[in-house]
Amino acid sequence: MKKIIIANWKMNPKTPRDASRLADKIGRGVKNIKSVEVVFAPPFIHIPAIYKFKTGAQDCFYEKSGAYTGEVSPLQLKACGVRLVIVGHSERRALGETNEIVNKKLKAVLGTGMRAILCVGEAERQKEIAFPKIIRDELHEGLSRIKKSFFRNLIIAYEPIWAIGTGRADTPKNVYEITTIIRRELYRMVGKRIASKIPVLYGGSVDDKNSYAFVKDGAVDGLLVGGASLNANKFVKLVKAVAGL
Ligand code: PEP
């Protein structure tokens, strides 16, 4: 399976020009890499500025159109060339997004034929619990009553909240253990044939020094990268390290 690396730019950079420069610089650095798919997830307003690249969105609404001031629909994103939408990022959940809302958004995104990344992860590491209930609930409630055929466009990102933006990345060993349980949970939900094709990524303080270890020893199918994706040199190194596998 080709590795996937998503650059989650969060609420950066400031201008469309900065966004296009950043994407151009990264694009030049990774252009000959075939074994890794790189997707940029900029703020909505910068999507047109980087239309030449494979683009994702950081969120969306679940309705198709209508009186929803401030929202953006999956159909609108698709019409702008977006291929993938991040859903249920912990920074969205912290603003009040529930598993029920995540479920509606996943159905809406997958219903358009775009890919969706469902983010799951615990707020605190509890040593005595191998698989926190919160992750199980995020998977089961987030994926409740989603058509089996939609699962071929699903990606899961394991992102322990305590590791996001803190510089305290998880260990590849732990990521291996948790993502193995996530994969097992997916087998139970949709069967091995479908589940084995769902990419499972890791996110949380990934940089150019640890990206290789997460993919090799953590055995994940890719990475969701925040802070390090805003530094073109660092991000290109991070991608090259994974491509060197
Ligand atoms: C993220 O935003 O999903 C993320 C993992 O951020 P960072 O890489 O900065 O921890």
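Every value quoted in this text rests on a predicted model; they were computed, and no experiment measured them. Note that ligands are numbered from 1 as they come in the structure, with each ligand's atoms numbered from 1 the same way.
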Problem set entry | Residue pair Trp162 / Glu122, side-chain donor-acceptor N/O under 3.5 Å | yes
Exercise. Under 3.5 Å, is there a donor-acceptor pair between the Thr171 and Asn174 side chains?
Worked result: no
Exercise. Is it true that Gly204 lies under 4.0 Å from ligand 1, counting heavy atoms only?
Worked result: yes
Exercise. Any non-hydrogen atom of Ala163 lying under 4.0 Å from ligand 1?
Worked result: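 Flag set, Ala163 near ligand 1.
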Exercise. Honestly curious: do Leu106 and Met114 fall in one hydrophobic cluster under the side-chain, below-4.5 Å linking rule?
Worked result: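 Same cluster.
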Exercise. Do you reckon Leu84 sits in the same ILVMFWY cluster as Val87, going by side-chain contacts under 4.5 Å, direct or chained?
Worked result: no
Exercise. Parallel under 30°, tilted from 30 to 60°, perpendicular over 60°: which one fits the rings of Phe61 and Tyr68?
Worked result: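 The arrangement is tilted - the two ring planes meet at 30° to 60°.
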Atoms in ligand 1 with a heavy atom of [X] nearer than 4.0 Å:
{"X": "His89", "value": "1 (C), 2 (O), 3 (O)"}
{"X": "Gly227", "value": "7 (P), 8 (O), 9 (O)"}
{"X": "Gly203", "value": "5 (C)"}
{"X": "Leu224", "value": "3 (O), 5 (C)"}
{"X": "Asn8", "value": "1 (C), 2 (O), 3 (O)"}

Problem set entry | Heteroatom distance test (Ser205, ligand 1): nitrogen or oxygen, under 3.5 angstrom | yes
Exercise. Just distances here: any N/O of Ala228 and N/O of ligand 1 closer than 3.5 Å?
Worked result: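 No, there is no polar N/O contact under 3.5 Å.
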Seminar exercise, completed: Sorted by chain and number, sequence neighbours left out, salt bridge (Lys or Arg N to Asp or Glu O under 4.0 Å) with Lys64 holds for none
Problem set entry | For Lys192, salt bridge (Lys or Arg N to Asp or Glu O under 4.0 Å) partners two or more places apart |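 Lys192: no salt bridge (Lys or Arg N to Asp or Glu O under 4.0 Å) contacts found.
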For this session: Flag the pair Asp221 and Arg183 as a salt bridge only when some basic side-chain nitrogen lies within less than 4.0 angstrom of an acidic carboxylate oxygen.
Result: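 Counted as a salt bridge, because a side-chain N and a carboxylate O are separated by less than 4.0 Å.
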Exercise. Out of Gln58, Glu159, Lys10, Arg168, whose heavy atom is nearest to atom 3 (O) of ligand 1?
Worked result: Glu159
Exercise. Nearest non-hydrogen atom to atom 10 (O) of ligand 1 belongs to which of Gly226, Cys119, Gly165, Ala41?
Worked result: Gly165
